[in-house]
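Just below is one structure, and these are the notes that go with it.
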Amino acid sequence: MATNGTEETPPTPIDIGGICQLQFQEAARILELDESVQDELRIPFRELSVHVPVLMRDGSVRSFQGFRVQHNGARGPTKGGIRYHPHVDREEVGGLAALMTWKTALLDVPFGGAKGGVSVDPKELELFELERLTRKFTERAALALGPYRDIPAPDMGTDAQVMAWLLDEYSSKRGYTPAVVTGKPVSLGGSLGRDEATGRGVMVTMREAARDFGITWAGGKAAIQGFGNVGGHLAALLDEEEVQVVAVTDADGGVVNEDGLDVPALLSHARRTGTVAEFPEADPLDDYSFWRVPCDYLVPAALGSVITKEDNVQDLDCRMVVEAANAPTTPIADKILYERGVPVIPDILANAGGVVVSYFEWTQNLQQMSWELEEVRQRLEKKMKAAYQDVVTLARKREVPLRTAAYTIAVERVAEAEALRGH
Ligand code: GLU
C-alpha cells in the first residue's frame with residue numbers, strides 16, 4: 001500500500017483494518033517516518049489461524065475458525081481482547097490488533113497490541129458448547145500466549161466467564177498462571193473495577209472534553225448506541241454525574257425520552273429481558289432515528305463503521321462524538337465532522353479504560369496483590385486524564401483532529417521503541 005500520503009482522494013474503507021491504516025499513514029506522514037520503519041509498524045509481527053472443532057449437544061461436530069494476530073510487541077507483551085462474533089475474520093482481527101498497539105502506546109501502558117477472535121454467534125451456542133469452543137481455541141493458540149508474550153482479555157461477545165475457561169485451560173498444561181489473561185472473575189484473580197473500566201474511562205474522557213469544549217456536563221444530554229458492558233456501565237456513570245441519557249439502542253431495539261431515561265430502571269429491564277426494547281417508561285426508537293436524536297454527546301458503544309457519509313453523518317444533531325466502540329466512524333465521516341467543528345474523541349483514547357485496568361490486573365497478578373476499588377478508580381482516572389491532555393495539547397499545537405494527534409503520539413512512541421531495540 002502506498003504510504004506517502006499524496007493521494008488526492010483517499011480510499012473509503014469501512015473495514016477496520018483499512019480505517020486503521022489510513023490513520024496510521026497520516027501519523028507516519030506527520031512524523032516523516034521512513035518507508036522501512038512504516039513497514040515495521042504496519043505489518044503484523046505474527047498471525048495465527050486455528051481450526052476450532054466443537055462437539056455439539058446433538059453429537060455433531062461443528063467447525064469454527066479462530067484467529068490471534070499479534071501486531072506489534074516493541075513496547076511489551078502484546079495485549080488485546082478476544083471477540084466472538086459472526087463477522088470476525090482475519091482482516092477485522094488484524095485491524096483491531098493494530099488499534100491495540102496504538103491504544104496501549106497512547107495510554108503509556110507497557111504492552112504491544114494483539115487481538116483474537118472466533119467467527120461464531122455465541123447466542124447460538126449452549127453454555128457448555130461455548131466452554132468447549134473456548135478451551136479448544138485456547139489449546140490451539142496457547143503456544144503464542146503467555147504472561148510475558150501475549151495476554152488476552154474480553155471483547156465483543158466474550159466475558160469474565162470465557163476468560164475463566166481460558167485461564168483454566170492454559171493453566172492445566174502450564175501450571176496456574178493468572179497473568180496470562182485479564183478481565184477474569186475477581187475470585188480468580190481479576191481486578192476490582194475491571195468490569196466497569198471501559199465505561200468509566202469513557203465517562204472520564206467525556207467529562208474532560210466537555211470542560212475543554214464548553215459543553216454542558218451536569219444537565220447535558222447523551223445518546224448511547226449499545227447497552228452491553230461498555231454502554232451499560234457508561235449510562236450508569238453518566239446518570240451519577242447528572243448527565244441525562246436520552247436515547248439508547250441495542251441489537252434488538254431502542255428507547256428515547258427527551259427528558260432523560262430512568263437509567264437504573266432501564267438497566268434492570270435490560271438485565272431481565274436481555275434488551276432495552278419495550279422499556280415501558282419511554283418511546284420506542286429505531287436505528288435510523290437514533291442517529292438523529294438531538295443531544296450533546298453521541299456515543300457509539302457497539303459496532304464498527306456505524307457513522308458513515310452514506311447513512312447518517314450529515315444528520316447527526318450532537319455537539320461531540322465519543323467513540324466508546326472500536327472504529328465506529330469511517331474516515332470520510334470523520335473528516336465531515338471535523339469540518340463541521342464537531343469534536344470526535346477517538347476510540348484509542350475514549351475506550352482505553354479497559355486495557356488500562358487490564359494492565360492493573362496483570363500487575364496485581366504478577367505481584368500476587370489485590371488493590372482496593374478506590375485505588376483502581378483513582379489510577380484509571382489519572383491515566384485517562386494524562387492521555388487526554390497529551391492528545392488535546394498536540395491537537396491544538398498542530399491544528400489537527402484529536403484522532404490525528406492521538407495516532408501521532410502513539411506511533412511516535414512505538415517507532416522509538418522499535419528503533420531502540422534495533423534489528
Ligand atoms: N477488548 C478491550 C479493548 O478493545 C480490552 C483489551 C484488553 O483489556 O486487553 O480495548
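Residue numbers count from 1 along this sequence. Both counts, for ligands and for their atoms, begin at 1 and track the order of listing.
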Problem - Donor on one side chain, acceptor on other, T101 and N72, under 3.5 Å - result: no

Practice task
Take atom CD of E399 as the centre, draw a 6.0 Å sphere, and report whether it contains more than 12 heavy atoms from other residues, nucleotides or ligands.
Solution key: no

Handout entry: Part of M163 with heavy atoms under 4.0 Å of ligand 1, whether side chain, backbone, both or neither
Key = neither

Practice task
Using the six-membered ring of Y288, assess whether NZ or CZ of R292 lies under 6.0 Å from its centre and within 45 degrees of the ring axis.
Solution key: yes

Handout entry: Nearest neighbour in protein (non-hydrogen) for atom 1 (N) of ligand 1
Key = D155 OD1, 2.7 Å

Problem - Which segment of N326 sits under 4.0 Å of ligand 1 when only heavy atoms are counted - result: side chain

Completion exercise
Residue, atom and distance of the protein heavy atom nearest atom 5 (C) of ligand 1 read R194 NH2, 3.6 Å

Problem - Nearest non-hydrogen protein atom, atom 7 (C) of ligand 1 - result: A153 CB, 3.3 Å

Handout entry: Audit row: R135, D168, salt bridge (Lys or Arg N to Asp or Glu O under 4.0 Å) steps and yes/no
Key = CA-CA 8 Å; R135 288 186 182 279; D168 186 69; 2.9 Å; yes

Exercise for the section: Tell me yes or no: between the side chains of T182 and K79, is some donor less than 3.5 Å from an acceptor? Expected result: yes

Handout entry: Any N/O pair M100/ligand 1 closer than 3.5 Å
Key = no

Practice task
Could you tell me whether P154 approaches ligand 1 through its side chain, its backbone, both or neither, with non-hydrogen atoms closer than 4.0 Å?
Solution key: backbone

Practice task
Starting from atom 8 (O) of ligand 1, find the nearest protein heavy-atom neighbour and note its residue, name and distance.
Solution key: S358 OG, 2.5 Å

Handout entry: Identity and separation of the nearest protein heavy atom to atom 3 (C) of ligand 1
Key = K103 NZ, 3.4 Å

Exercise for the section: For G354, counting its heavy atoms only, list the atoms of ligand 1 lying under 4.0 Å from any of them. Expected result: 8 (O)

Practice task
Classify the angle between the aromatic ring planes of W371 and F360 as parallel (below 30°), tilted (30 to 60°) or perpendicular (above 60°).
Solution key: tilted

Handout entry: E381 bridged to R207 by N-O distance under 4.0 Å
Key = yes

Handout entry: K115 and ligand 1 - part of the residue with a heavy-atom distance under 4.0 Å
Key = side chain

Handout entry: Min N/O separation N351 to ligand 1 under 3.5 Å
Key = no

Problem - Where ligand 1 meets G80 - atom numbers and elements under 4.0 angstrom, heavy-atom basis - result: 9 (O)

Practice task
With R403 as the cation and Y407 as the aromatic partner, state whether NZ or CZ is under 6.0 Å from the six-membered ring centre and within 45° of the axis.
Solution key: no

Practice task
Run the ring-centre check on F128 versus W165 and record whether the distance is less than 6.0 Å.
Solution key: no

Exercise for the section: Write out the residue and atom name of the closest protein heavy atom to atom 9 (O) of ligand 1, then the distance separating them to 0.1 Å. Expected result: K79 NZ, 2.8 Å

